[in-house]
J.: 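Mind looking over this structure? Questions follow.
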There are 2 protein chains.
Amino acid sequence: MDTSTVGERTAEQPSPIDRIEHAQAHELVVDQIRRAIQLGRFLPGDRLPAERDLAGLLGVSRATVREAIRVLEADGVVSVRRGAHGGLVVNRLHAMDTRTLRARLKKQARELNDIFDYRLVVECMAARLAAERRTDEDLVYLGEVLERMAELAADPGGEHGAHITAQFNAADTEFHLGIASAAANPYLIEGAEKMRRAMFLPVGAVFSQLRTDANDIHAAIFDAIKDSDADAAEHHMRQHVEATRKAMADLLKPAGDA
Amino acid sequence: MDTSTVGERTAEQPSPIDRIEHAQAHELVVDQIRRAIQLGRFLPGDRLPAERDLAGLLGVSRATVREAIRVLEADGVVSVRRGAHGGLVVNRLHAMDTRTLRARLKKQARELNDIFDYRLVVECMAARLAAERRTDEDLVYLGEVLERMAELAADPGGEHGAHITAQFNAADTEFHLGIASAAANPYLIEGAEKMRRAMFLPVGAVFSQLRTDANDIHAAIFDAIKDSDADAAEHHMRQHVEATRKAMADLLKPAGDA
DNA sequence: GTGCAATGGTCAATTTTGTAGTCCTTTGAC
DNA sequence: GTCAAAGGACTACAAAATTGACCATTGCAC
């Protein structure tokens, strides 16, 4: 055997150095736009800024933005309309019937579980710290979001029920991220945002049912933060997260329903 | 006033879309090499793989690797030696005397606090889940690391005390990341690694003192994980992290010493 | 209806970044 | 002293992004 090969034998040397993943500019743009949509900053039906504006906001050329748009379009996330009041329109989530959804969640059960394990610790700590550190501004902001959610929960919805749900969801995201912001720990903020994005699909599908339930416990969390009661804030947040986890697990288990 | 400008007035529209940060290839390489060093995969005095090998491992061209090396060199992280058994050598951390260190830590006090808040929740949950999920392989691995740390703690060190400390630190990192691995939750693994990297500087400077203390509690954590006692695992981990936080805080406060 | 302005669609020229391959230089071990 | 294993330097090429201009479509105001 000659000795010219680099590694001893062909055995894999477990190197502590990983390959570089050099994303292209348009991939980063895709991710950034997806992120905004997943965090509910743009709702289905909303128009994104025009290509030229996006290029400016993102700090890349228009050509790059257009590459990204092609990807998002192919993925069904946005639609492109030409002409004067055209532009980029966020699509509705492809509606999944209960069966499809359940199959999908089941396949991702393990992943969902990981997400919730992580979410639990991150959001509980965020709630605790928020109770200790929140400013008056934080309270005003959270209060407004809560108010908005209450109105949305009261709205019967009717025809545009899906849109109400989307709005509610966006507000819910703002509430949870707002708590992380009040906790003023960048690691927690980042973690909370990551959770939200990871739950985008599953939650979007499930949450239409538990709107009103959520409101009460949100209020409890808010009050605890307002009263600077860290233990209570953590407690309620734990209940809330576990309730959400359970709601999703329930959707998975029972063979009943349509 | 003409209406040609895009935004109404010059007021900043708080857009939900951030600028893209398009890192160049060599920056990613710098980060990857830094990561390996900060996680203790390469200790001071160790040689990194040769440029050509690094290029292969990282999946980039040699020119790109060389750009990265120039950055790391300028930053004092590695030294370059030409000739036959030359190559890239990891430098010792610039030794900081207690005064300098304290000044530095003080300036980063807030940041350190954030790190520890986050570390606490991530590592406690990791310990808990590790107790529930660890495989026999995990136990063997953690046991080996623990063993190694015990030997290093026993070693008087003498002249090469700094090197012993570096080795101990690397083993400590392996222990904590090993627990996160045993918890088998990718979010926790990522979080734990991020913590480690963030603590690279401060810990490296402080830890020479509390080697032996750490060993006992590490053993306690290990036993709890072995016994699948989640509560105990979390409890000991909490104690451990808090002790470390305290050690660092102590270094900050007292005017004595030096 | 007409025209305008806003928007996406297309293209070409240029610059920047990264790769591939070659050869040179230094240096330690045998 | 020789040689092999490094880093150093250079050239030619390929790929990715930017820039800027111009075209095509469409809805709204008049």
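In what follows, chains are A, B, ... by sequence order, proteins preceding strands, each numbered from 1.
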J.: Taking atom CG of L58(B) and atom CG of L28(B), what is their separation to the nearest 0.5 Å?
T.: 10.0 Å

J.: Look at the rings of H218(B) and F175(B) and say which category their plane angle falls in: under 30° parallel, 30 to 60° tilted, over 60° perpendicular.
T.: tilted

J.: Could you state the CD-P distance from Q24(B) to dT19(C), rounded to the nearest angstrom?
T.: 11 Å

J.: When all nucleic acid strands are considered with a 4.0 Å heavy-atom cut-off, which category describes H22(B): base, sugar-phosphate, or nothing?
T.: sugar-phosphate

J.: Would one find a side-chain N or O of R47(A) under 4.0 angstrom from OP1 or OP2 of dT7(C)?
T.: yes

J.: So, E190(B) and K194(A), do they make that salt bridge, N to O below 4.0 Å?
T.: yes

J.: Do the side-chain N or O atoms of T64(A) get closer than 4.0 angstrom to the phosphate oxygens (OP1, OP2) of dA16(D)?
T.: no

J.: Can you tell me how far P of dG27(D) sits from CZ of R81(A), to the nearest Å?
T.: 8 Å

J.: Touch check for I69(B), heavy atoms < 4.0 angstrom, all strands: base, sugar-phosphate only, or nothing?
T.: nothing

J.: Do H22(B) and H26(A) have ring centroids that are under 6.0 Å from one another?
T.: no

J.: Over how many whole Å does the gap from E27(B) atom CD to dT16(C) atom P extend?
T.: 16 Å

J.: Taking atom P of dT19(D) as reference, at what distance in whole Å does atom CD of E67(A) sit?
T.: 14 Å

J.: Tell me: CD of E21(B) to C1' of dA17(D), nearest whole Å?
T.: 18 Å

J.: Using OP1 and OP2 only, check whether a side-chain N or O of R62(B) sits under 4.0 Å from dG8(D).
T.: no

J.: Looking only at N and O atoms, is any donor in the side chain of R52(A) or the base of dG8(C) less than 3.5 Å from an acceptor on the other one?
T.: yes

J.: Any base atoms under 4.0 Å from A50(B), or only sugar-phosphate, or nothing? Heavy atoms, all strands.
T.: sugar-phosphate

J.: Given atom CZ of R66(A) and atom C1' of dT19(D), what is their separation to the nearest angstrom?
T.: 15 Å

J.: Nearest to the side chain of A84(A), heavy atoms from C-beta on, is which of dG18(C), dA16(D), dG27(D)?
T.: dG27(D)

J.: Here's a test of your reading of the structure: between E73(A) and A63(B), which maps to the more 5' nucleotide of DNA chain C?
T.: E73(A)

J.: Does a side-chain N-to-carboxylate-O contact under 4.0 Å join E151(A) and R148(A)?
T.: no

J.: Output the rounded distance in Å from CD (E51(B)) to C1' (dA6(D)).
T.: 8 Å

J.: Go through dT18(D), dG7(D), dT25(D) for me and flag the one nearest to the R82(A) side chain.
T.: dT25(D)

J.: Between dA29(C) and H85(B), is there an OP1 or OP2 to side-chain N/O distance shorter than 4.0 Å?
T.: no

J.: Could you tell me the separation between the NE2 atom of H26(B) and the P atom of dT17(C), rounded to a whole number of Å?
T.: 9 Å

